[in-house]
Amino acid sequence: AFGKGKLTEQVIENIEEKLLAADISMEVASHIMDEVRVKAKGEEIDSMQLLAWMAESTRNLMPVTPVWTAKGKPHVILMIGVNGAGKTTTIGKLAHHYKAKGLSVMVAAGDTFRAGAIAQLEKWAQRVEVDIIKHQEGADAASVAFDAYAAAKARNLDILIIDTAGRLHNKGHLMEELRKLVRVLRKHDEVLPHECLLVVDGNTGQNAIQQGQGFNAIVKLDGLVVTKLDGTAKGGSIIPLCREFGIPVCWVGVGEDLDDLIRFDRDEYVQGLFL
Amino acid sequence: QLSDKLEGIFKRLRGQSQLTEENVSETLREIRVVLLSADVNFKTTKEFINAVKEKAIGAEVLTSLSPGQVMVKVIHDELVALLGGQAEEPAFQGSPPFQILMMGLQGSGKTTACGKLALHLRNTRKKNPLLVACDVYRPAAIDQLKTIGKSLGIPVYDEGLGDPVKISENGRKFARDNGHDLVIYDTAGRLQMDDELMRELERIIESVKPQEKFFVADAMTGQEAVNVAKTFNDRLDFTGVILTKMDGDARGGAALSIKSITGKPIRYVGTGEKPDALEVFYPDRMVSRILG
Ligand SMILES: Nc1nc2c(ncn2[C@@H]2O[C@H](COP(=O)(O)OP(=O)(O)OP(=O)(O)O)[C@@H](O)[C@H]2O)c(=O)[nH]1
Ligand SMILES: Nc1nc2c(ncn2[C@@H]2O[C@H](COP(=O)(O)OP(=O)(O)OP(=O)(O)O)[C@@H](O)[C@H]2O)c(=O)[nH]1
Ligand SMILES: [Mg+2]
Ligand SMILES: [Mg+2]
């Protein structure tokens with residue numbers, strides 16, 4: 001970075017650019033730099049110290065990722081998010097992950113709208129060897145979710161993961177459809193889903209905040225999945241989301257294959273941001 | 001409202017009948033915030049600000065316009081010029097079959113765009129399109145393209161899981177042998193630093209020589225849009241850009257970053273999931289959106 005020296009305005013500007021390049025918002029970047037300025041107290045600091053303070057400041061904005069525990073039998077996970085974020089692929093990876101842990105998993109083809117959506121989840125279900133509940137294309141997504149829960153319960157399975165169609169959070173009628181799906185699911189049990197995960201594409205810019213706000217208004221978000229971090233994007237746009245709603249990042253997608261899913265580690269992520 | 005914000009700045013610098021270093025700089029600080037919050041790349045923003053600064057200082061303030069209004073006009077016009085000035089579709093002329101190759105990151109909207117563009121060109125230019133399924137990686141990608149083709153009455157050439165380069169060549173032959181004057185190749189999403197997959201695209205391009213190569217990008221892409229577009233362009237020399245999911249509320253600053261770094265024209269925008277949701281790209285509309 002900059003060796004050893006005082007935190008001049010030029011240094012601050014260079015650091016700010018590095019933060020912006022990671023899709024960290026101007027507001028969060030200022031917050032980080034303000035905290036660092038206070039700690040530096042005008043003294044000379046070296047780059048190692050600077051990075052450590054920046055990492056600490058950033059880490060404090062993100063809730064710690066909880067240890068996963070099943071909250072019911074079946075433990076129901078609802079995957080939501082905008083179009084193309086990586087929901088269906090993440091379900092394949094998650095099903096594989098839980099199965100490898102010795103849990104029994106079922107997936108539900110809740111995207112009854114998009115061309116090839118059911119076929120795509122079916123391919124994943126076959127590959128991972130888990131049960132799948134699906135209706136025909138164009139069927140009511142809420143009824144797929146409802147039937148899937150009944151089936152998972154009847155078969156005494158551990159995990160049910162429900163796929164939903166991609167939808168933009170500013171589309172009122174699509175958000176209503178999601179609200180209805182949750183309402184219908186809750187006819188089985190008011191606490192459902194046990195876990196609602198918002199899937200966000202790691203390349204997303206500041207719109208991530210709007211996505212979080214929009215979806216959280218429909219169903220309380222329990223965690224985030226940030227995908228495509230095997231690319232060059234750093235995913236910094238989710239930090240304000242974590243901070244504002246207190247939502248932890250639970251999973252990170254790092255590729256298109258079965259194993260390309262890692263449990264989020266806040267320290268490792270923050271280190272990666274500033275290297 | 002941007003013009004209100006800028007008016008506020010100029011009110012504080014009273015009696016200004018000309019744009020000076022001071023009032024322009026303060027305005028540009030405000031513009032920087034606007035552009036960055038709209039996801040315009042920070043380097044692109046810096047270059048733009050410097051370019052505008054030169055144009056603005058000393059710019060005549062017409063008696064009917066306030067300095068703030070002049071500034072807004074300079075910024076607006078510079079952005080529109082940067083985005084290509086005016087809307088312009090490609091000509092799609094040349095000896096048939098006219099070939100279009102879709103490329104881009106995972107999930108950007110390529111497959112959907114294949115259907116949209118085929119429908120658009122059949123409707124507006126009486127083309128007889130063929131879709132070619134070169135994505136052999138994504139589960140049910142071929143199913144997806146076939147379903148789209150079926151719903152539009154547009155044939156899809158596929159060989160199931162095979163070699164995308166071979167599939168493109170055979171797709172081209174099939175088009176010629178069956179009277180299709182337009183071929184659109186769908187390809188798998190890929191990372192710009194995935195050398196093997198970028199090589200695959202190079203080989204497809206070498207083999208069928210598509211006249212149009214569209215880089216399909218998501219309107220909500222953040223800072224990395226610059227690096228992704230630059231690499232795709234440096235390696236594959238695309239001829240145009242399609243910006244998708246513009247029916248969302250992302251401001252779409254990625255458009256500016258992509259156009260600025262590659263110089264390639266943004267041709268279309270995707271405005272929904274249905275096959276008719278494709279519009280020609282209008283620079284001035286995009287600028288209003290970016291400026292919020
Ligand atoms: N490189 C990379 N690609 C990913 C990752 N996760 C998903 N993808 C790819 O992103 C594309 C979209 O993934 P999908 O799972 O279809 O996304 P989706 O959210 O279900 O999309 P819709 O249902 O259409 O809204 C596919 O090509 C996936 O292979 C990831 O972590 N890394
Ligand atoms: N709202 C909206 N959704 C779109 C638009 N274009 C594509 N989509 C949706 O975005 C998602 C991804 O589209 P695809 O066409 O599968 O994207 P892709 O680039 O082919 O994805 P990969 O092949 O996995 O790289 C799907 O849910 C589409 O319906 C658009 O302009 N607006
Ligand atoms: Mg999906
Ligand atoms: Mg595709």
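In what follows, chains carry the letters A, B, and so on, assigned in the order in which the sequence lines appear, proteins first and then strands, with residues in each chain numbered from 1. For clarity, every value in this text was computed on a predicted model and none was experimentally measured.
Interface residue A:E17: backbone and side-chain heavy atoms are both found under 4.5 Å from chain B. For a residue to count as touching a neighbouring chain, one of its non-hydrogen atoms must lie under 4.5 Å from one of that chain's; by this rule A:Q126 does not touch chain B. Only the side chain of A:Q210 has a heavy atom closer than 4.5 Å to any heavy atom of chain B. Of the two parts of A:S25, neither the backbone nor the side chain holds a non-hydrogen atom closer than 4.5 Å to a non-hydrogen atom of chain B. Of the atoms belonging to A:S237, not a single heavy atom falls under 4.5 Å from chain B.
The most heavy-atom pairs under 4.5 Å with chain B, out of A:E137, A:E122, A:Q211, A:R114, come from A:R114. For the set A:E27, A:K123, A:R127, the entry with the most heavy-atom pairs within less than 4.5 Å of chain B is A:K123. Chain A forms the most heavy-atom pairs under 4.5 Å with one residue out of B:N227, B:D247, B:V226, B:T147, and that residue is B:D247. Chain B forms more heavy-atom pairs under 4.5 Å with one residue of A:T204, A:L121, A:V82 than with any other, namely A:T204.
Proximity of A:K228 to B:L105: side-chain heavy atoms (C-beta onward) are nowhere separated by under 4.5 Å.
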Should B:Q223 and A:K234 be marked as a side chain to side chain contact (heavy atoms under 4.5 Å, CB included) after you check the CA-CA gap, both sets of side-chain angles, and the distance that decides it?
CA-CA 9 Å; B:Q223 295 285 311; A:K234 299 270 174 127; over 6 Å; no

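Here A:E13 does not pair with B:R32 in a salt bridge; the nearest charged N to carboxylate O distance is not below 4.0 Å.
Side-chain atoms of B:D39 do not come within 3.5 Å of backbone N or O of A:D23 as any donor-acceptor pair.
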